[in-house]
Amino acid sequence: MTTDATPASVTVEEVPAADTIPLRGAVLRPGRPAAIDGDDDPATFHLAARTAAGQVVGVVRFHPAPCPWRPEVQAPWQLRGMATDPAVRGTGAGRALVVEGLTRVAVRGGDLVWCDARVAAAGFYERMGFTVVTGEYDKPGIGPHLGMLKHLVPLTPR
Ligand SMILES: CC(C)(COP(=O)(O)OP(=O)(O)OC[C@H]1O[C@@H](n2cnc3c(N)ncnc32)[C@H](O)[C@@H]1OP(=O)(O)O)[C@@H](O)C(=O)NCCC(=O)NCCS
């Protein structure tokens with residue numbers, strides 16, 4: 001992948017699932033279908049980080065889903081499909097996506113976001129305020145993961 005991105009030059013916006021599929025597939029799911037169950041559910045939302053030229057250099061999706069490790073939480077959401085273009089990593093695109101996503105989840109009344117974090121990405125999620133709440137577990141064909149979550153203050157009453 002090539003990009004014309006420069007640090008902090010991205011704009012994050014909500015997009016249809018289809019706009020996120022190419023980068024998600026290339027980064028996270030080579031050799032596997034890039035679509036994920038629930039991509040087109042009405043409650044699911046997808047974010048893309050674009051350069052000034054319109055190139056998608058980062059993607060993520062959020063959808064309501066029970067948290068495996070905090071079943072008592074009332075309005076949990078799952079983060080999935082987090083990927084940035086290798087050419088822009090470390091320049092803030094991932095942060096911009098997560099920050100925007102957490103705000104949008106809180107606006108929708110969510111009180112927790114959780115994810116199956118690839119071990120190699122756990123440090124990124126920790127920088128975003130997530131906490132590791134499990135030991136390592138394997139996802140067949142992908143590798144070791146850690147359960148991570150972040151509590152939110154809902155911005156819309158339930
Ligand atoms: C993980 C990933 C999304 C991070 O995206 P990014 O665009 O590099 O993130 P940012 O540049 O916004 O980084 C934000 C902060 O996290 C840090 N960071 C980024 N990736 C990190 C990592 N793998 N481990 C530790 N810290 C990391 C950055 O240094 C930065 O730190 P700062 O707060 O001091 O500025 C990206 O590396 C990626 O797509 N990886 C491959 C796919 C993947 O593993 N996705 C997650 C699946 S669970």
Side-chain angles (χ1 to χ4, degrees), residues 1-69 76-108 110 112-130 132 134 136-150 152:
M1 281 174 280
T2 59
T3 179
D4 57 1
T6 55
S9 67
V10 296
T11 301
V12 174
E13 60 183 2
E14 201 164 323
V15 297
D19 288 15
T20 71
I21 293 293
L23 186 61
R24 181 202 285 171
V27 173
L28 292 172
R29 303 174 76 87
R32 295 183 294 148
I36 308 174
D37 284 352
D39 270 352
D40 295 320
D41 286 355
T44 301
F45 69 88
H46 304 265
L47 300 178
R50 293 185 192 277
T51 65
Q55 182 180 353
V56 174
V57 293
V59 296
V60 66
R61 87 166 215 191
F62 294 84
H63 70 290
C67 177
W69 317 293
W77 287 62
Q78 185 179 5
L79 179 163
R80 290 191 74 179
M82 175 84 233
T84 59
D85 187 320
V88 306
R89 287 185 193 158
T91 67
R95 175 188 295 280
L97 286 160
V98 173
V99 167
E100 181 66 23
L102 295 178
T103 299
R104 287 173 182 259
V105 167
V107 166
R108 287 161 164 83
L112 179 143
V113 172
W114 64 274
C115 65
D116 295 302
R118 295 185 183 194
V119 166
F124 165 72
Y125 293 112
E126 284 178 337
R127 298 295 291 169
M128 301 301 109
F130 286 67
V132 174
T134 72
E136 281 189 26
Y137 50 90
D138 189 58
K139 283 189 157 289
I142 308 176
H145 284 69
L146 292 163
M148 299 188 74
L149 59 78
K150 180 178 170 71
L152 301 178

query: Is Arg32 reaching over with its side chain to a backbone N or O of Leu28, donor-acceptor style, under 3.5 angstrom?
result: yes
message: More than 12 heavy atoms of other residues, nucleotides or ligands under 6.0 Å from CG of Asp138: yes or no?
response: yes
- line: To the nearest 0.5 Å, atom OH of Tyr125 lies from atom CG of Leu79 at 5.0 Å
query: How long is the span from the CE atom in Met128 to the SG atom in Cys115, to the nearest 0.5 Å?
result: 11.5 Å
statement: Minimal heavy-atom distance between Val12 and Ala96, with the atoms involved, is CG2-CB, 3.7 Å
query: Any idea which heavy atoms bring Pro144 and Glu136 closest together, and the distance?
result: CB-OE1, 3.5 Å
- line: Distance col, row Met148:CE vs Thr134:OG1, nearest 0.5 angstrom, shows 9.0 Å
- prompt: For the atom pair CD1 (Ile21) and CG (Asp39), what is the distance rounded to the nearest 0.5 Å?
  reply: 5.0 Å
- request: Could you tell me which non-hydrogen atom of Leu23 sits nearest to which non-hydrogen atom of Gly58, and how far apart they are?
  value: CD2-N, 3.4 Å
task: Could you walk me through whether Leu112 and Lys150 pass the side chain to side chain contact (heavy atoms under 4.5 Å, CB included) test, one step at a time?
output: CA-CA 6 Å; Leu112 179 143; Lys150 180 178 170 71; over 6 Å; no
Beyond-backbone contact of Arg61 with Ile36, side-chain heavy atoms, under 4.5 angstrom: yes
message: For the backbone of Ala43 and the side chain of Asp41, can you confirm whether one donor and one acceptor N or O come within less than 3.5 Å of each other?
response: no
query: Between Arg80 and Asp37, is the closest basic N to carboxylate O distance under 4.0 Å?
result: no
- request: Determine yes or no for a side-chain-to-main-chain donor-acceptor pair under 3.5 angstrom, with Thr20 supplying the side chain and Pro16 the backbone.
  value: no
task: Determine yes or no for a side-chain-to-main-chain donor-acceptor pair under 3.5 angstrom, with Trp69 supplying the side chain and Trp114 the backbone.
output: no
- request: Quick one: pull up CZ in Phe124 and CD in Glu126 and give me the separation to the nearest 0.5 Å.
  value: 12.0 Å
- prompt: What pair of heavy atoms forms the shortest contact from Pro66 to Pro76, and how long is it?
  reply: CA-CG, 3.7 Å
task: Sequence neighbours left out, what passes ring pair (Phe, Tyr, Trp, His ring centres under 6.0 Å) with Phe45? Give chain and number order.
output: Phe62, Trp77
- request: Side-chain contact test, heavy atoms from C-beta onward, threshold under 4.5 Å: evaluate it for Leu47 versus Val15 and give yes or no.
  value: no
- line: Here the pair of heavy atoms bringing Ala49 nearest to Leu97 is N-CD2, 3.7 Å
task: May I ask you to say whether Arg50 pairs ionically with Glu14, meaning some side-chain N is under 4.0 Å from a carboxylate O?
output: no
message: Can you tell me if Arg127 has over 12 outside heavy atoms packed within less than 6.0 Å of its CZ?
response: no
message: I need the His46 NE2 to His63 NE2 distance, nearest 0.5 Å.
response: 9.5 Å
- prompt: Quick one: are Leu152 and Val105 in side-chain contact, heavy atoms under 4.5 Å?
  reply: yes
task: Please check if the side chain of Arg118 supplies one atom and the backbone of Gly143 the other of a donor-acceptor pair under 3.5 Å.
output: no
- prompt: Does Gly38 offer a backbone N or O that forms a donor-acceptor pair with the side chain of Thr44 under 3.5 Å?
  reply: yes
